[in-house]
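Worksheet for the structure shown next.
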Number of protein chains: 2
Amino acid sequence: MRNTKQKELIFKIISSSYNHLTAQEVYTEARKEIDNISLGTVYRILNNLADNHQIVRIKTKSGVDHYDRKEQEKHNHFICDNCGKIFDVYNAEYLYDDKELSDFQINNVDITFSGICNECIKGRN
Amino acid sequence: MRNTKQKELIFKIISSSYNHLTAQEVYTEARKEIDNISLGTVYRILNNLADNHQIVRIKTKSGVDHYDRKEQEKHNHFICDNCGKIFDVYNAEYLYDDKELSDFQINNVDITFSGICNECIKGRN
DNA sequence: TCCTTATCAGTAACGATTACTATTTGTTTT
DNA sequence: AAAACAAATAGTAATCGTTACTGATAAGGA
């Protein structure tokens, strides 16, 4: 794994931002520094960094992935249905009981479990 | 809103299935009855039915939407990371406390809130 | 400095979904 | 029942986020 200015730049952009950036947003930001950086390069580096747990990939149901700097404290997310922005939520259980106390207008709480189903564990798929 | 055989067929396919079908799966099934039905038609009808709350649209982070017949009881979902199948989970709080008791190998629990953020409420976006 | 090869820029391809358009087909009106 | 109108359709093109490919570039060890 080599050290390139592209990799350093993208890591810097993610780690210095308090937003949850999309690949496009990172690309726009990166072009200010390296004007001919390729969008494919941005995607590849973001994926590498996420796979190596240097940054966090946040997949969303809208189909647009976001990337965030590595946080220590475990938390959940609020996604705005209007603008698509992602906000950190540190008091999930609290909010789940009383949505009215939130800073946001929470219309939905989605709990999804993931892992491996029985058929796949048994190697049938 | 007109009554067409395409609409009736797709509603029948969804309501008689105990799986959470994708548009492609509905399309494959529908072609057995109407051999030249269009994939676009399947998507449009699925969207119409979901918008009218006659069926349920399940958006996933994999980017593939699934559709399900209307259930009365509120429940959550388990998504297999290997085969992509979706299973109903009726005992979420229970599982959240003790993942070992599940029928599945649960690797992750994702809680995401959605709605409208403050900026959008104030009409700034 | 040279060599090897990982990484890059640029572009093409992908997969799920949506949009477009000429044609067909429900439904209403005569 | 035939004509007329518009909603819905089949077929296809386009979109959007993302990934794959390819020849050129450059990191870093010998």
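Note on naming: letters A, B, ... go to the chains in the order of the sequence lines (proteins, then strands), and numbering restarts at 1 for each one.
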Query - Proximity to the side chain of A:Val64 - top-ranked nucleotide from C:dA16, D:dG17, D:dT9 - result: D:dG17
Query raised in the report: Which residues pass the salt bridge (Lys or Arg N to Asp or Glu O under 4.0 Å) test with B:Arg31, sequence neighbours left out?
Result: none
Query raised in the report: At what distance, to the nearest 0.5 angstrom, does NE2 of B:His77 lie from OG1 of B:Thr60?
Result: 11.0 Å
Report task. Take atom NZ of A:Lys61 and atom P of C:dA16, then tell me their distance rounded to the nearest Å. Result -> 18 Å
Report task. Round to the nearest Å and state the distance from A:Met1 atom CE to D:dA26 atom C1'. Result -> 16 Å
Report task. Just call it for A:Gln24: base, sugar-phosphate, or nothing, with non-hydrogen atoms closer than 4.0 Å on any strand. Result -> nothing
Report task. Please report the C-alpha distance between B:Lys61 and B:Thr112 in whole Å, then the side-chain angles of each, then the deciding distance to 0.1 Å, and finally whether the side-chain contact (heavy atoms from CB on, under 4.5 Å) criterion is met. Result -> CA-CA 12 Å; B:Lys61 296 186 175 188; B:Thr112 299; 4.3 Å; yes
Requested in this report: Would you tell me if any nitrogen or oxygen in the side chain of B:Asn47 comes within less than 4.0 Å of OP1 or OP2 on C:dT18?
Outcome: yes
**Report entry** Closest-nucleotide ordering on DNA chain C, the 5'-leading residue of B:His66 and B:Gln6
**Finding:** B:His66
Query raised in the report: Any side-chain N or O of B:Thr22 under 4.0 Å from OP1/OP2 of C:dA16?
Result: no
Requested in this report: Measure the distance from CG on B:Asn52 to C1' on D:dA8 and round it to the nearest whole Å.
Outcome: 15 Å
Query raised in the report: Would you call the rings of A:Phe78 and A:Phe104 parallel, tilted or perpendicular if under 30° counts as parallel and over 60° as perpendicular?
Result: parallel
**Report entry** Interatomic distance, B:Lys5 NZ vs C:dT25 P [rounded to whole Å]
**Finding:** 7 Å
Query raised in the report: Do any side-chain nitrogens or oxygens of A:Arg44 fall under 4.0 Å of OP1 or OP2 in D:dT19?
Result: no
**Report entry** Selection from D:dA10, C:dT25, D:dG28 that lies nearest to any side-chain heavy atom of A:Arg2
**Finding:** D:dG28
Report task. Answer yes or no: does a side-chain N or O of B:Tyr43 lie under 4.0 Å from OP1 or OP2 of C:dT18? Result -> no
Query - A:Tyr18 six-ring centre to A:Arg69 NZ/CZ under 6.0 Å and within 45° of normal - result: yes
Report task. Between D:dT18, C:dC8, C:dT17, spot the one nearest the side chain of A:Leu39, thanks. Result -> D:dT18
Query raised in the report: Of the nucleotides D:dG17, C:dA9, D:dA10, which has the atom closest to the B:Asn36 side chain?
Result: D:dA10
**Report entry** Separation of atom OH in A:Tyr67 from atom P in D:dG17, rounded to whole Å
**Finding:** 13 Å
Report task. Without swapping roles, check the side chain of A:Ser17 against the backbone of A:Ile13 for a donor-acceptor pair under 3.5 Å. Result -> no
Query raised in the report: When all nucleic acid strands are considered with a 4.0 Å heavy-atom cut-off, which category describes A:Thr41: base, sugar-phosphate, or nothing?
Result: base
Query raised in the report: The side chain of A:Lys7 lies closest to which of these nucleotides: C:dT7, D:dA10, C:dA9?
Result: C:dT7
Query raised in the report: What's the closest nucleotide to the A:Ala23 side chain, out of C:dT7, D:dA8, D:dT18?
Result: D:dT18
Report task. Mind calculating the distance between CG (B:Leu9) and P (C:dG26) to the nearest angstrom? Result -> 14 Å
Query raised in the report: Of the candidate nucleotides C:dT7, D:dG11, C:dA9, which contains the atom at the shortest distance from the side chain of A:Ser38?
Result: C:dA9
**Report entry** d(CD, A:Glu33; P, C:dA9) in whole Å
**Finding:** 14 Å
Report task. Calculate the interatomic distance between A:Ile45 atom CD1 and C:dT7 atom C1'; express it in whole Å. Result -> 8 Å
Query - Candidate nucleotides D:dT9, C:dA9, C:dT27, ranked by approach to the side chain of B:Asn3 - the nearest - result: C:dT27
